[in-house]
2 protein chains.
Amino acid sequence: MQSSDCENCAIRSVALFGEIDEATVERLHHQAQQFDAPAGTELYTEGTPPDAAFTLREGVIKLVRGDGNGRPQIVRLLVRGEFFGAEGLFEELRHHSAIALTPVVLCRLPNDLLQQLQTEEPGFTTALLGRWRRALNEVEDLAVELGTRKAEGRIASFLLHWETKNGHAIEWLPLPLSRTELGELLGLRVETVSRVMARWKREKLFEERGGHIRLLERDRLRAVLETDDAA
Amino acid sequence: MQSSDCENCAIRSVALFGEIDEATVERLHHQAQQFDAPAGTELYTEGTPPDAAFTLREGVIKLVRGDGNGRPQIVRLLVRGEFFGAEGLFEELRHHSAIALTPVVLCRLPNDLLQQLQTEEPGFTTALLGRWRRALNEVEDLAVELGTRKAEGRIASFLLHWETKNGHAIEWLPLPLSRTELGELLGLRVETVSRVMARWKREKLFEERGGHIRLLERDRLRAVLETDDAA
DNA sequence: CGAGGTTTTGAGCGAATTCAATTCCGGTGG
DNA sequence: CCACCGGAATTGAATTCGCTCAAAACCTCG
(Lines give C-alpha, C1' and ligand atoms only; values in the text may rest on other atoms or scores of the structure.)
Protein backbone atom coordinates (compact mmCIF):
# COMPACT_ATOMS: atom_id res chain seq x y z
CA MET A 1 0.00 0.00 0.00
CA GLN A 2 1.27 3.41 -0.90
CA SER A 3 -0.57 6.66 -1.23
CA SER A 4 1.80 8.38 -3.59
CA ASP A 5 0.74 9.03 -7.14
CA CYS A 6 -2.89 8.77 -6.24
CA GLU A 7 -3.49 12.32 -7.20
CA ASN A 8 -3.14 11.07 -10.73
CA CYS A 9 -5.66 8.33 -10.28
CA ALA A 10 -8.43 8.27 -7.77
CA ILE A 11 -9.41 11.83 -7.23
CA ARG A 12 -8.22 13.15 -10.55
CA SER A 13 -9.92 10.53 -12.64
CA VAL A 14 -13.12 10.92 -10.74
CA ALA A 15 -13.26 14.65 -10.99
CA LEU A 16 -12.85 14.49 -14.72
CA PHE A 17 -14.76 17.59 -15.44
CA GLY A 18 -14.87 19.03 -11.97
CA GLU A 19 -12.06 21.37 -11.03
CA ILE A 20 -10.63 20.48 -7.69
CA ASP A 21 -8.10 22.88 -6.30
CA GLU A 22 -4.60 21.65 -5.65
CA ALA A 23 -4.66 22.12 -1.92
CA THR A 24 -7.72 19.94 -1.53
CA VAL A 25 -6.26 17.22 -3.64
CA GLU A 26 -3.11 17.36 -1.61
CA ARG A 27 -5.00 17.13 1.63
CA LEU A 28 -7.29 14.31 0.54
CA HIS A 29 -5.19 12.04 -1.55
CA HIS A 30 -3.18 10.88 1.42
CA GLN A 31 -6.20 8.91 2.44
CA ALA A 32 -6.36 7.04 -0.83
CA GLN A 33 -4.31 3.89 -0.94
CA GLN A 34 -2.94 2.39 -4.08
CA PHE A 35 -2.39 -1.37 -4.25
CA ASP A 36 -2.12 -4.43 -6.45
CA ALA A 37 -4.14 -7.60 -6.31
CA PRO A 38 -3.86 -10.86 -8.21
CA ALA A 39 -6.52 -12.23 -10.54
CA GLY A 40 -9.37 -13.79 -8.64
CA THR A 41 -9.29 -11.32 -5.76
CA GLU A 42 -12.69 -10.41 -4.43
CA LEU A 43 -12.57 -6.68 -3.76
CA TYR A 44 -15.88 -6.74 -1.99
CA THR A 45 -18.79 -9.08 -1.56
CA GLU A 46 -22.49 -8.88 -2.27
CA GLY A 47 -24.45 -8.37 0.93
CA THR A 48 -21.65 -6.82 2.97
CA PRO A 49 -21.59 -3.18 4.11
CA PRO A 50 -19.59 -0.96 1.75
CA ASP A 51 -16.50 0.61 3.23
CA ALA A 52 -14.75 2.09 0.21
CA ALA A 53 -14.86 2.85 -3.48
CA PHE A 54 -12.13 2.13 -6.02
CA THR A 55 -10.51 3.44 -9.12
CA LEU A 56 -9.29 0.76 -11.47
CA ARG A 57 -5.92 1.77 -12.84
CA GLU A 58 -5.07 -1.47 -14.59
CA GLY A 59 -6.82 -4.78 -15.28
CA VAL A 60 -10.37 -6.04 -15.65
CA ILE A 61 -13.00 -6.55 -12.97
CA LYS A 62 -16.39 -8.23 -13.09
CA LEU A 63 -19.36 -7.12 -11.04
CA VAL A 64 -21.49 -10.16 -10.34
CA ARG A 65 -24.82 -10.70 -8.66
CA GLY A 66 -26.44 -13.66 -7.04
CA ASP A 67 -23.32 -15.58 -6.34
CA GLY A 68 -25.22 -17.08 -3.47
CA ASN A 69 -28.49 -18.76 -4.36
CA GLY A 70 -29.22 -19.04 -8.05
CA ARG A 71 -27.02 -18.88 -11.05
CA PRO A 72 -24.60 -15.94 -10.94
CA GLN A 73 -25.09 -13.06 -13.37
CA ILE A 74 -22.29 -10.73 -14.37
CA VAL A 75 -23.87 -7.29 -14.58
CA ARG A 76 -20.89 -5.25 -15.70
CA LEU A 77 -17.28 -5.47 -16.79
CA LEU A 78 -14.90 -2.74 -15.68
CA VAL A 79 -11.75 -1.81 -17.52
CA ARG A 80 -8.87 0.54 -16.76
CA GLY A 81 -9.88 4.00 -15.71
CA GLU A 82 -13.26 3.15 -14.25
CA PHE A 83 -14.43 4.31 -10.88
CA PHE A 84 -16.67 1.89 -9.01
CA GLY A 85 -18.07 0.77 -5.70
CA ALA A 86 -19.29 4.15 -4.49
CA GLU A 87 -22.72 2.90 -3.59
CA GLY A 88 -21.66 3.18 0.03
CA LEU A 89 -22.76 6.79 -0.21
CA PHE A 90 -26.36 5.68 -0.53
CA GLU A 91 -26.77 2.08 0.44
CA GLU A 92 -26.25 -0.14 3.42
CA LEU A 93 -25.25 -3.28 1.58
CA ARG A 94 -23.41 -4.07 -1.61
CA HIS A 95 -25.66 -5.29 -4.37
CA HIS A 96 -22.97 -7.22 -6.18
CA SER A 97 -19.51 -8.63 -5.71
CA ALA A 98 -16.43 -7.23 -7.45
CA ILE A 99 -13.89 -9.80 -8.62
CA ALA A 100 -10.63 -9.25 -10.47
CA LEU A 101 -10.39 -11.16 -13.73
CA THR A 102 -6.76 -10.19 -14.22
CA PRO A 103 -4.07 -8.90 -11.93
CA VAL A 104 -5.25 -5.41 -11.03
CA VAL A 105 -3.87 -2.21 -9.63
CA LEU A 106 -6.29 0.12 -8.01
CA CYS A 107 -6.81 2.99 -5.62
CA ARG A 108 -8.98 2.64 -2.60
CA LEU A 109 -11.11 5.57 -1.40
CA PRO A 110 -12.52 4.91 2.07
CA ASN A 111 -16.07 5.95 2.82
CA ASP A 112 -15.17 8.97 4.90
CA LEU A 113 -13.01 10.28 2.10
CA LEU A 114 -15.94 9.89 -0.25
CA GLN A 115 -18.13 11.73 2.16
CA GLN A 116 -15.66 14.57 2.37
CA LEU A 117 -15.41 14.78 -1.38
CA GLN A 118 -19.14 14.79 -1.72
CA THR A 119 -19.75 17.60 0.73
CA GLU A 120 -16.70 19.70 -0.03
CA GLU A 121 -16.30 19.21 -3.74
CA PRO A 122 -19.33 19.90 -5.89
CA GLY A 123 -17.36 18.72 -8.90
CA PHE A 124 -17.11 15.29 -7.40
CA THR A 125 -20.84 14.75 -7.18
CA THR A 126 -21.31 15.91 -10.73
CA ALA A 127 -18.61 13.58 -11.97
CA LEU A 128 -20.21 10.72 -10.06
CA LEU A 129 -23.51 11.58 -11.67
CA GLY A 130 -22.00 11.24 -15.12
CA ARG A 131 -20.44 7.91 -14.26
CA TRP A 132 -23.65 6.42 -12.99
CA ARG A 133 -25.52 7.69 -15.95
CA ARG A 134 -23.08 5.84 -18.17
CA ALA A 135 -23.25 2.75 -15.99
CA LEU A 136 -27.02 2.83 -16.29
CA ASN A 137 -26.75 2.90 -20.05
CA GLU A 138 -24.39 -0.04 -20.05
CA VAL A 139 -26.66 -2.17 -17.92
CA GLU A 140 -29.63 -1.20 -20.07
CA ASP A 141 -27.66 -2.33 -23.07
CA LEU A 142 -27.06 -5.64 -21.37
CA ALA A 143 -30.75 -6.01 -20.55
CA VAL A 144 -31.62 -5.38 -24.18
CA GLU A 145 -29.15 -8.01 -25.33
CA LEU A 146 -30.47 -10.54 -22.86
CA GLY A 147 -34.08 -9.76 -23.60
CA THR A 148 -34.07 -9.56 -27.37
CA ARG A 149 -31.22 -11.64 -28.78
CA LYS A 150 -30.57 -15.31 -28.96
CA ALA A 151 -27.25 -17.01 -28.29
CA GLU A 152 -25.36 -16.16 -31.45
CA GLY A 153 -26.50 -12.55 -31.42
CA ARG A 154 -25.44 -12.06 -27.83
CA ILE A 155 -22.00 -13.48 -28.45
CA ALA A 156 -21.44 -11.54 -31.66
CA SER A 157 -22.61 -8.38 -29.97
CA PHE A 158 -20.29 -8.99 -27.06
CA LEU A 159 -17.23 -9.55 -29.23
CA LEU A 160 -17.87 -6.39 -31.20
CA HIS A 161 -18.49 -4.31 -28.10
CA TRP A 162 -15.53 -5.76 -26.25
CA GLU A 163 -13.28 -4.75 -29.08
CA THR A 164 -14.66 -1.23 -29.02
CA LYS A 165 -14.27 -1.03 -25.26
CA ASN A 166 -10.62 -2.01 -25.54
CA GLY A 167 -9.89 0.34 -28.38
CA HIS A 168 -9.56 -0.80 -31.96
CA ALA A 169 -5.89 0.05 -31.79
CA ILE A 170 -4.89 -3.24 -30.22
CA GLU A 171 -4.96 -6.14 -32.60
CA TRP A 172 -4.91 -8.99 -30.15
CA LEU A 173 -7.28 -7.96 -27.43
CA PRO A 174 -7.26 -9.71 -24.07
CA LEU A 175 -10.29 -11.82 -23.22
CA PRO A 176 -9.87 -12.55 -19.54
CA LEU A 177 -13.20 -14.38 -19.23
CA SER A 178 -13.62 -18.13 -19.25
CA ARG A 179 -16.39 -19.64 -21.36
CA THR A 180 -18.30 -20.14 -18.13
CA GLU A 181 -17.97 -16.46 -17.28
CA LEU A 182 -19.03 -15.43 -20.75
CA GLY A 183 -22.07 -17.56 -20.12
CA GLU A 184 -22.71 -15.81 -16.82
CA LEU A 185 -22.57 -12.49 -18.60
CA LEU A 186 -24.68 -13.45 -21.59
CA GLY A 187 -27.21 -15.67 -19.87
CA LEU A 188 -26.03 -18.84 -21.61
CA ARG A 189 -24.49 -22.13 -20.56
CA VAL A 190 -20.83 -22.93 -21.04
CA GLU A 191 -21.51 -25.47 -23.74
CA THR A 192 -23.54 -23.05 -25.79
CA VAL A 193 -20.87 -20.37 -25.64
CA SER A 194 -18.18 -22.88 -26.47
CA ARG A 195 -20.06 -24.40 -29.39
CA VAL A 196 -20.68 -21.07 -31.06
CA MET A 197 -17.17 -19.74 -30.51
CA ALA A 198 -15.51 -22.96 -31.57
CA ARG A 199 -17.50 -22.92 -34.78
CA TRP A 200 -16.68 -19.29 -35.45
CA LYS A 201 -13.03 -20.04 -34.96
CA ARG A 202 -13.27 -22.90 -37.45
CA GLU A 203 -15.00 -20.57 -39.85
CA LYS A 204 -12.27 -17.96 -39.29
CA LEU A 205 -14.54 -15.24 -37.95
CA PHE A 206 -11.89 -14.71 -35.29
CA GLU A 207 -8.76 -16.25 -33.83
CA GLU A 208 -7.78 -17.05 -30.26
CA ARG A 209 -4.37 -17.53 -28.70
CA GLY A 210 -3.45 -17.57 -25.04
CA GLY A 211 -6.31 -15.62 -23.62
CA HIS A 212 -6.36 -13.13 -26.46
CA ILE A 213 -8.59 -12.87 -29.49
CA ARG A 214 -8.47 -11.13 -32.82
CA LEU A 215 -11.55 -10.40 -34.87
CA LEU A 216 -11.17 -11.25 -38.53
CA GLU A 217 -14.60 -10.98 -40.09
CA ARG A 218 -16.38 -8.16 -38.33
CA ASP A 219 -18.89 -7.93 -41.14
CA ARG A 220 -20.06 -11.48 -40.67
CA LEU A 221 -20.37 -10.87 -36.95
CA ARG A 222 -22.45 -7.82 -37.65
CA ALA A 223 -24.47 -9.85 -40.12
CA VAL A 224 -25.35 -12.22 -37.29
CA LEU A 225 -26.87 -9.29 -35.43
CA GLU A 226 -29.14 -8.50 -38.36
CA THR A 227 -30.47 -12.01 -38.75
CA ASP A 228 -30.68 -12.74 -35.09
CA ASP A 229 -33.29 -10.44 -33.65
CA ALA A 230 -36.84 -10.91 -34.81
CA ALA A 231 -38.40 -8.32 -37.08
CA MET B 1 -50.71 23.52 -18.81
CA GLN B 2 -50.52 25.16 -15.47
CA SER B 3 -47.58 25.80 -13.26
CA SER B 4 -49.41 26.00 -9.97
CA ASP B 5 -48.92 23.31 -7.41
CA CYS B 6 -45.66 22.24 -8.92
CA GLU B 7 -43.79 23.13 -5.84
CA ASN B 8 -45.39 20.06 -4.38
CA CYS B 9 -44.28 17.86 -7.17
CA ALA B 10 -41.35 18.42 -9.42
CA ILE B 11 -38.84 20.26 -7.36
CA ARG B 12 -40.00 19.02 -4.01
CA SER B 13 -40.08 15.40 -4.93
CA VAL B 14 -36.70 15.59 -6.57
CA ALA B 15 -35.01 17.30 -3.70
CA LEU B 16 -36.24 14.67 -1.32
CA PHE B 17 -33.34 14.89 1.02
CA GLY B 18 -31.89 18.14 -0.18
CA GLU B 19 -33.14 21.24 1.52
CA ILE B 20 -34.08 23.86 -0.98
CA ASP B 21 -34.95 27.23 0.41
CA GLU B 22 -38.43 28.59 -0.17
CA ALA B 23 -37.38 31.56 -2.26
CA THR B 24 -35.56 29.40 -4.75
CA VAL B 25 -38.48 27.07 -5.08
CA GLU B 26 -40.74 30.01 -5.62
CA ARG B 27 -38.50 31.42 -8.29
CA LEU B 28 -37.96 28.16 -10.14
CA HIS B 29 -41.23 26.39 -10.03
CA HIS B 30 -42.86 28.82 -12.37
CA GLN B 31 -40.88 27.21 -15.12
CA ALA B 32 -42.23 23.77 -14.42
CA GLN B 33 -45.42 22.94 -16.24
CA GLN B 34 -47.93 20.44 -15.03
CA PHE B 35 -50.07 18.61 -17.57
CA ASP B 36 -52.11 15.51 -18.33
CA ALA B 37 -51.68 13.05 -21.16
CA PRO B 38 -53.75 10.07 -22.26
CA ALA B 39 -52.51 6.49 -22.28
CA GLY B 40 -50.29 5.83 -25.25
CA THR B 41 -48.67 9.26 -25.28
CA GLU B 42 -45.00 9.23 -26.18
CA LEU B 43 -43.35 11.73 -23.85
CA TYR B 44 -40.09 11.55 -25.73
CA THR B 45 -38.48 9.36 -28.32
CA GLU B 46 -35.30 7.34 -28.47
CA GLY B 47 -32.68 9.08 -30.58
CA THR B 48 -34.03 12.61 -30.19
CA PRO B 49 -32.26 15.36 -28.26
CA PRO B 50 -33.55 15.69 -24.69
CA ASP B 51 -35.26 18.94 -23.88
CA ALA B 52 -36.79 18.28 -20.47
CA ALA B 53 -37.14 15.94 -17.53
CA PHE B 54 -40.40 14.90 -15.86
CA THR B 55 -41.91 14.03 -12.55
CA LEU B 56 -44.64 11.43 -12.74
CA ARG B 57 -47.45 12.43 -10.43
CA GLU B 58 -49.96 9.83 -11.48
CA GLY B 59 -50.01 6.84 -13.80
CA VAL B 60 -47.53 4.35 -15.21
CA ILE B 61 -44.88 4.87 -17.86
CA LYS B 62 -42.67 2.44 -19.73
CA LEU B 63 -39.14 3.21 -20.84
CA VAL B 64 -38.45 1.20 -23.97
CA ARG B 65 -35.41 0.70 -26.14
CA GLY B 66 -34.91 -0.39 -29.69
CA ASP B 67 -38.32 0.50 -30.93
CA GLY B 68 -36.66 0.94 -34.27
CA ASN B 69 -34.75 -2.04 -35.58
CA GLY B 70 -35.03 -5.19 -33.54
CA ARG B 71 -37.53 -6.33 -31.02
CA PRO B 72 -38.35 -3.65 -28.44
CA GLN B 73 -37.20 -4.12 -24.85
CA ILE B 74 -38.83 -2.38 -21.92
CA VAL B 75 -36.01 -1.41 -19.59
CA ARG B 76 -37.97 0.12 -16.76
CA LEU B 77 -41.47 0.80 -15.47
CA LEU B 78 -42.13 4.08 -13.72
CA VAL B 79 -44.89 4.59 -11.19
CA ARG B 80 -46.23 7.65 -9.37
CA GLY B 81 -43.61 9.80 -7.74
CA GLU B 82 -40.72 8.93 -10.00
CA PHE B 83 -38.45 11.49 -11.58
CA PHE B 84 -37.15 10.60 -15.02
CA GLY B 85 -35.70 11.82 -18.28
CA ALA B 86 -32.92 13.96 -16.84
CA GLU B 87 -30.26 12.45 -19.08
CA GLY B 88 -30.31 15.73 -20.97
CA LEU B 89 -27.82 16.95 -18.41
CA PHE B 90 -25.20 14.57 -19.76
CA GLU B 91 -26.22 13.20 -23.11
CA GLU B 92 -27.00 14.44 -26.56
CA LEU B 93 -29.63 11.88 -27.45
CA ARG B 94 -32.28 9.93 -25.58
CA HIS B 95 -31.41 6.31 -25.14
CA HIS B 96 -34.99 5.15 -24.82
CA SER B 97 -38.55 6.26 -25.44
CA ALA B 98 -40.99 7.06 -22.65
CA ILE B 99 -44.57 5.97 -23.26
CA ALA B 100 -47.59 6.33 -20.99
CA LEU B 101 -49.33 3.04 -20.21
CA THR B 102 -52.19 4.78 -18.44
CA PRO B 103 -53.50 8.31 -18.44
CA VAL B 104 -50.75 10.26 -16.71
CA VAL B 105 -50.29 13.58 -14.99
CA LEU B 106 -46.80 14.94 -14.83
CA CYS B 107 -44.61 17.95 -14.40
CA ARG B 108 -42.20 19.02 -17.06
CA LEU B 109 -38.82 20.51 -16.13
CA PRO B 110 -37.14 22.10 -19.15
CA ASN B 111 -33.42 21.65 -19.60
CA ASP B 112 -32.46 25.15 -18.54
CA LEU B 113 -34.37 24.73 -15.32
CA LEU B 114 -32.47 21.50 -14.70
CA GLN B 115 -29.24 23.31 -15.35
CA GLN B 116 -30.15 26.02 -12.89
CA LEU B 117 -31.05 23.47 -10.27
CA GLN B 118 -27.84 21.62 -10.82
CA THR B 119 -25.58 24.60 -10.46
CA GLU B 120 -27.49 26.48 -7.79
CA GLU B 121 -28.83 23.68 -5.67
CA PRO B 122 -26.34 21.14 -4.38
CA GLY B 123 -29.24 19.19 -2.90
CA PHE B 124 -30.61 18.60 -6.34
CA THR B 125 -27.52 16.87 -7.65
CA THR B 126 -27.34 14.68 -4.60
CA ALA B 127 -30.97 13.72 -4.96
CA LEU B 128 -30.43 12.91 -8.60
CA LEU B 129 -27.48 10.78 -7.62
CA GLY B 130 -29.67 8.73 -5.33
CA ARG B 131 -32.31 8.27 -8.01
CA TRP B 132 -29.89 7.02 -10.57
CA ARG B 133 -28.30 4.72 -8.09
CA ARG B 134 -31.72 3.19 -7.50
CA ALA B 135 -32.47 3.08 -11.21
CA LEU B 136 -29.19 1.27 -11.73
CA ASN B 137 -30.20 -1.33 -9.18
CA GLU B 138 -33.54 -1.85 -10.84
CA VAL B 139 -32.04 -2.40 -14.25
CA GLU B 140 -29.46 -4.74 -12.75
CA ASP B 141 -32.31 -6.68 -11.22
CA LEU B 142 -33.91 -6.92 -14.62
CA ALA B 143 -30.68 -8.12 -16.19
CA VAL B 144 -30.40 -10.81 -13.55
CA GLU B 145 -33.95 -11.97 -14.21
CA LEU B 146 -33.37 -12.07 -17.94
CA GLY B 147 -30.02 -13.77 -17.65
CA THR B 148 -30.75 -16.42 -15.05
CA ARG B 149 -34.45 -17.29 -15.06
CA LYS B 150 -36.66 -19.06 -17.49
CA ALA B 151 -40.17 -18.03 -18.46
CA GLU B 152 -42.12 -19.05 -15.37
CA GLY B 153 -39.55 -17.63 -13.01
CA ARG B 154 -39.51 -14.28 -14.76
CA ILE B 155 -43.27 -13.98 -14.70
CA ALA B 156 -43.59 -15.06 -11.08
CA SER B 157 -40.85 -12.66 -10.11
CA PHE B 158 -42.51 -9.84 -11.98
CA LEU B 159 -45.91 -10.39 -10.36
CA LEU B 160 -44.41 -10.45 -6.90
CA HIS B 161 -42.31 -7.35 -7.50
CA TRP B 162 -45.13 -5.50 -9.18
CA GLU B 163 -47.26 -6.03 -6.15
CA THR B 164 -44.53 -4.73 -3.90
CA LYS B 165 -43.97 -1.72 -6.10
CA ASN B 166 -47.66 -0.85 -5.92
CA GLY B 167 -47.89 -1.37 -2.19
CA HIS B 168 -49.43 -4.43 -0.63
CA ALA B 169 -52.24 -2.26 0.64
CA ILE B 170 -54.21 -2.42 -2.60
CA GLU B 171 -55.91 -5.71 -3.16
CA TRP B 172 -56.66 -5.38 -6.85
CA LEU B 173 -53.57 -3.90 -8.36
CA PRO B 174 -53.66 -2.38 -11.82
CA LEU B 175 -51.71 -4.19 -14.53
CA PRO B 176 -51.61 -1.70 -17.38
CA LEU B 177 -49.42 -3.90 -19.59
CA SER B 178 -50.68 -6.07 -22.39
CA ARG B 179 -49.34 -9.61 -22.69
CA THR B 180 -47.21 -8.35 -25.54
CA GLU B 181 -45.73 -5.64 -23.34
CA LEU B 182 -45.08 -8.09 -20.54
CA GLY B 183 -43.20 -10.09 -23.13
CA GLU B 184 -41.19 -7.04 -24.13
CA LEU B 185 -40.26 -6.52 -20.51
CA LEU B 186 -39.45 -10.14 -19.70
CA GLY B 187 -37.82 -11.15 -22.96
CA LEU B 188 -40.59 -13.58 -23.89
CA ARG B 189 -43.13 -13.89 -26.70
CA VAL B 190 -46.77 -13.07 -26.21
CA GLU B 191 -47.86 -16.66 -26.45
CA THR B 192 -45.45 -17.77 -23.76
CA VAL B 193 -46.62 -15.09 -21.35
CA SER B 194 -50.22 -15.85 -22.11
CA ARG B 195 -49.86 -19.60 -21.69
CA VAL B 196 -48.24 -19.31 -18.29
CA MET B 197 -50.62 -16.68 -16.97
CA ALA B 198 -53.70 -18.43 -18.30
CA ARG B 199 -52.62 -21.62 -16.58
CA TRP B 200 -51.91 -19.83 -13.33
CA LYS B 201 -55.34 -18.26 -13.47
CA ARG B 202 -56.90 -21.69 -13.98
CA GLU B 203 -54.87 -22.98 -11.05
CA LYS B 204 -56.04 -19.99 -8.98
CA LEU B 205 -52.59 -18.56 -8.31
CA PHE B 206 -54.11 -15.20 -9.13
CA GLU B 207 -57.22 -13.57 -10.56
CA GLU B 208 -57.65 -10.98 -13.28
CA ARG B 209 -60.53 -8.61 -13.95
CA GLY B 210 -60.57 -5.59 -16.16
CA GLY B 211 -56.93 -4.74 -16.25
CA HIS B 212 -56.42 -5.53 -12.58
CA ILE B 213 -54.97 -8.57 -10.89
CA ARG B 214 -55.05 -10.02 -7.42
CA LEU B 215 -52.45 -12.47 -6.16
CA LEU B 216 -53.94 -15.42 -4.33
CA GLU B 217 -51.15 -17.91 -3.82
CA ARG B 218 -48.01 -15.91 -3.26
CA ASP B 219 -46.31 -18.93 -1.76
CA ARG B 220 -46.71 -20.97 -4.89
CA LEU B 221 -45.37 -18.09 -6.94
CA ARG B 222 -42.39 -17.89 -4.66
CA ALA B 223 -42.01 -21.64 -4.97
CA VAL B 224 -41.67 -21.22 -8.71
CA LEU B 225 -38.67 -19.00 -8.10
CA GLU B 226 -36.94 -21.71 -6.09
CA THR B 227 -37.38 -24.42 -8.67
CA ASP B 228 -36.75 -22.21 -11.64
CA ASP B 229 -33.15 -21.10 -11.49
CA ALA B 230 -30.47 -23.75 -11.80
CA ALA B 231 -28.42 -24.68 -8.76
C1' DC C 1 5.27 -36.48 -17.64
C1' DG C 2 1.08 -36.31 -15.11
C1' DA C 3 -2.93 -33.94 -12.72
C1' DG C 4 -6.63 -30.84 -12.82
C1' DG C 5 -9.25 -27.69 -14.85
C1' DT C 6 -11.15 -25.81 -19.02
C1' DT C 7 -12.79 -26.28 -23.65
C1' DT C 8 -14.84 -28.93 -27.04
C1' DT C 9 -18.03 -32.23 -29.00
C1' DG C 10 -22.02 -35.47 -29.20
C1' DA C 11 -26.73 -37.15 -28.36
C1' DG C 12 -31.17 -36.61 -26.34
C1' DC C 13 -34.42 -33.66 -24.05
C1' DG C 14 -37.13 -29.85 -22.69
C1' DA C 15 -38.40 -25.17 -23.16
C1' DA C 16 -39.83 -21.41 -25.80
C1' DT C 17 -40.77 -19.79 -30.38
C1' DT C 18 -43.26 -19.82 -34.65
C1' DC C 19 -47.27 -20.29 -37.31
C1' DA C 20 -52.04 -20.70 -37.33
C1' DA C 21 -56.61 -20.75 -35.61
C1' DT C 22 -60.07 -19.84 -32.17
C1' DT C 23 -62.11 -17.46 -28.30
C1' DC C 24 -62.82 -13.44 -25.58
C1' DC C 25 -63.96 -8.73 -24.66
C1' DG C 26 -64.87 -3.82 -25.00
C1' DG C 27 -66.77 -0.53 -27.72
C1' DT C 28 -69.70 1.00 -31.75
C1' DG C 29 -73.51 1.66 -34.54
C1' DG C 30 -77.99 0.23 -35.65
C1' DC D 1 -80.65 -3.24 -26.08
C1' DC D 2 -78.29 -6.17 -29.09
C1' DA D 3 -75.48 -7.72 -33.06
C1' DC D 4 -71.14 -6.87 -34.89
C1' DC D 5 -66.21 -5.45 -35.40
C1' DG D 6 -61.33 -5.37 -34.23
C1' DG D 7 -57.80 -5.98 -31.19
C1' DA D 8 -56.13 -8.80 -27.52
C1' DA D 9 -55.78 -13.21 -25.28
C1' DT D 10 -55.76 -17.99 -25.54
C1' DT D 11 -54.89 -22.53 -27.32
C1' DG D 12 -52.82 -26.11 -30.41
C1' DA D 13 -49.16 -28.37 -33.24
C1' DA D 14 -44.77 -28.42 -35.17
C1' DT D 15 -40.16 -26.74 -34.97
C1' DT D 16 -35.99 -24.69 -33.35
C1' DC D 17 -32.94 -23.43 -29.92
C1' DG D 18 -30.46 -23.96 -25.91
C1' DC D 19 -29.87 -26.98 -22.02
C1' DT D 20 -28.48 -31.28 -19.71
C1' DC D 21 -25.71 -35.19 -19.27
C1' DA D 22 -21.67 -37.44 -20.57
C1' DA D 23 -17.37 -38.12 -22.65
C1' DA D 24 -13.24 -36.80 -25.07
C1' DA D 25 -9.56 -33.46 -26.31
C1' DC D 26 -6.63 -29.61 -24.62
C1' DC D 27 -3.91 -26.83 -22.20
C1' DT D 28 -1.30 -25.07 -18.31
C1' DC D 29 1.23 -25.65 -14.47
C1' DG D 30 3.75 -28.14 -11.20
Side-chain angles (χ1 to χ4, degrees), chain A residues 38-40 70-73 101-103 145-159 174-203 205-213 224 227-231, chain B residues 38-40 70-73 101-103 145-159 174-203 205-213 224 227-231:
Chain A
R71 180 186 315 204
Q73 172 70 40
L101 294 178
T102 64
E145 298 295 332
L146 294 175
T148 66
R149 306 201 119 106
K150 44 187 84 152
E152 292 198 354
R154 294 185 207 170
I155 298 174
S157 174
F158 168 78
L159 291 176
L175 184 68
L177 293 92
S178 68
R179 300 287 124 115
T180 302
E181 284 167 324
L182 282 171
E184 289 169 1
L185 174 67
L186 302 175
L188 301 169
R189 313 261 67 189
V190 205
E191 298 94 329
T192 306
V193 176
S194 177
R195 263 183 257 274
V196 173
M197 292 186 68
R199 176 156 49 80
W200 285 354
K201 280 195 288 190
R202 271 194 297 276
E203 296 173 358
L205 296 211
F206 76 98
E207 302 182 277
E208 187 171 34
R209 272 170 46 190
H212 290 248
I213 61 170
V224 171
T227 344
D228 169 68
D229 51 16
Chain B
R71 182 185 312 203
Q73 173 70 40
L101 295 178
T102 64
E145 299 294 333
L146 294 175
T148 66
R149 304 201 119 105
K150 45 187 82 153
E152 292 198 354
R154 294 185 207 169
I155 298 174
S157 174
F158 168 79
L159 292 176
L175 184 67
L177 293 93
S178 68
R179 300 287 124 115
T180 301
E181 285 168 323
L182 282 171
E184 289 169 1
L185 174 67
L186 303 176
L188 301 169
R189 315 260 69 190
V190 205
E191 299 93 327
T192 307
V193 176
S194 177
R195 264 182 257 274
V196 173
M197 291 186 69
R199 176 157 48 80
W200 285 353
K201 280 195 287 189
R202 271 195 297 276
E203 295 173 359
L205 296 211
F206 76 97
E207 302 182 277
E208 187 172 34
R209 273 170 46 190
H212 290 248
I213 62 170
V224 171
T227 343
D228 171 66
D229 50 17

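Here is the naming used below: chain letters follow the sequence lines, and residue numbers restart at 1 for every chain. Note that the structure is a prediction, hence the values are computed from the model and not measured.
Taking CD of A:Glu152 as the start and OG1 of A:Thr227 as the end, the distance is 8.5 Å to the nearest 0.5 Å. Of the inter-residue distances, the one linking A:Leu188 atom CG with A:Ser194 atom OG reads 12.0 Å to the nearest 0.5 angstrom. Note: A:Glu191 CD to A:Thr180 OG1 = 8.5 Å, rounded to the nearest 0.5 Å.
Straight-line distance from the CD1 atom of A:Ile155 to the C1' atom of D:dC17: 13 Å, rounded to whole Å. Rounded to whole angstrom, the span from the CE atom of B:Met197 across to the C1' atom of D:dA8 amounts to 13 Å. Rounded to a whole Å, the CG atom of B:Leu177 is 14 Å from the C1' atom of D:dA8. Rounded to an integer number of Å, the gap from CD of B:Glu181 to P of D:dG7 is 16 Å. Counting to the nearest Å, the P atom of C:dT8 and the CD atom of A:Glu208 are 6 Å from each other. Residue A:Trp200 contributes atom CH2, which lies 17 Å from atom C1' of C:dT7 at whole-angstrom precision. For the pair B:Glu184 CD and D:dA9 P, the computed distance is 11 Å after rounding to whole Å.
Each end of the helix from C:dC1-D:dG30 to C:dG30-D:dC1 gets its own rotation axis from five pairs of C1' atoms, and the angle between them is 30° to the nearest 10 degrees.
A distance-only check finds no donor-acceptor pair linking the side chain of B:Glu207 to the backbone of B:Ile213 [under 3.5 Å]. Listed for the B:Arg154 side chain is a donor-acceptor partner under 3.5 Å among the backbone atoms of B:Arg149.
Annotation: ring-ring contact (aromatic ring centres under 6.0 Å, His included) contacts of A:Phe158 (sequence neighbours excluded): A:Trp162.
In this structure, the side chains of B:Arg199 and B:Val196 come closer than 4.5 Å at one or more pairs of heavy atoms. Between B:Leu185 and B:Glu181, every side-chain heavy-atom pair lies at or beyond the 4.5 Å cut-off. The shortest distance between side-chain heavy atoms of B:Ile155 and B:Leu186 falls below 4.5 Å.
For D:dT10, one of the phosphate oxygens OP1 or OP2 lies less than 4.0 angstrom from a side-chain nitrogen or oxygen of B:Lys201.
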Identify the pairs formed between an N or O of the protein and an N or O of nucleotides 9-17 of chain C at a distance under 3.5 Å, and give each distance.
| residue | atom | partner | partner atom | Å |
| --- | --- | --- | --- | --- |
| C:dT9 | OP1 | A:Arg202 | NH1 | 2.8 |
| C:dT9 | OP2 | A:Arg202 | NH1 | 2.9 |
| C:dG10 | N7 | A:Arg195 | NH1 | 2.9 |
| C:dG10 | O6 | A:Arg195 | NH2 | 3.3 |
| C:dA16 | OP1 | B:Ala151 | N | 2.8 |
| C:dT17 | OP1 | B:Arg189 | N | 3.3 |
| C:dT17 | OP2 | B:Arg189 | N | 3.3 |
| C:dT17 | OP2 | B:Thr192 | OG1 | 2.1 |

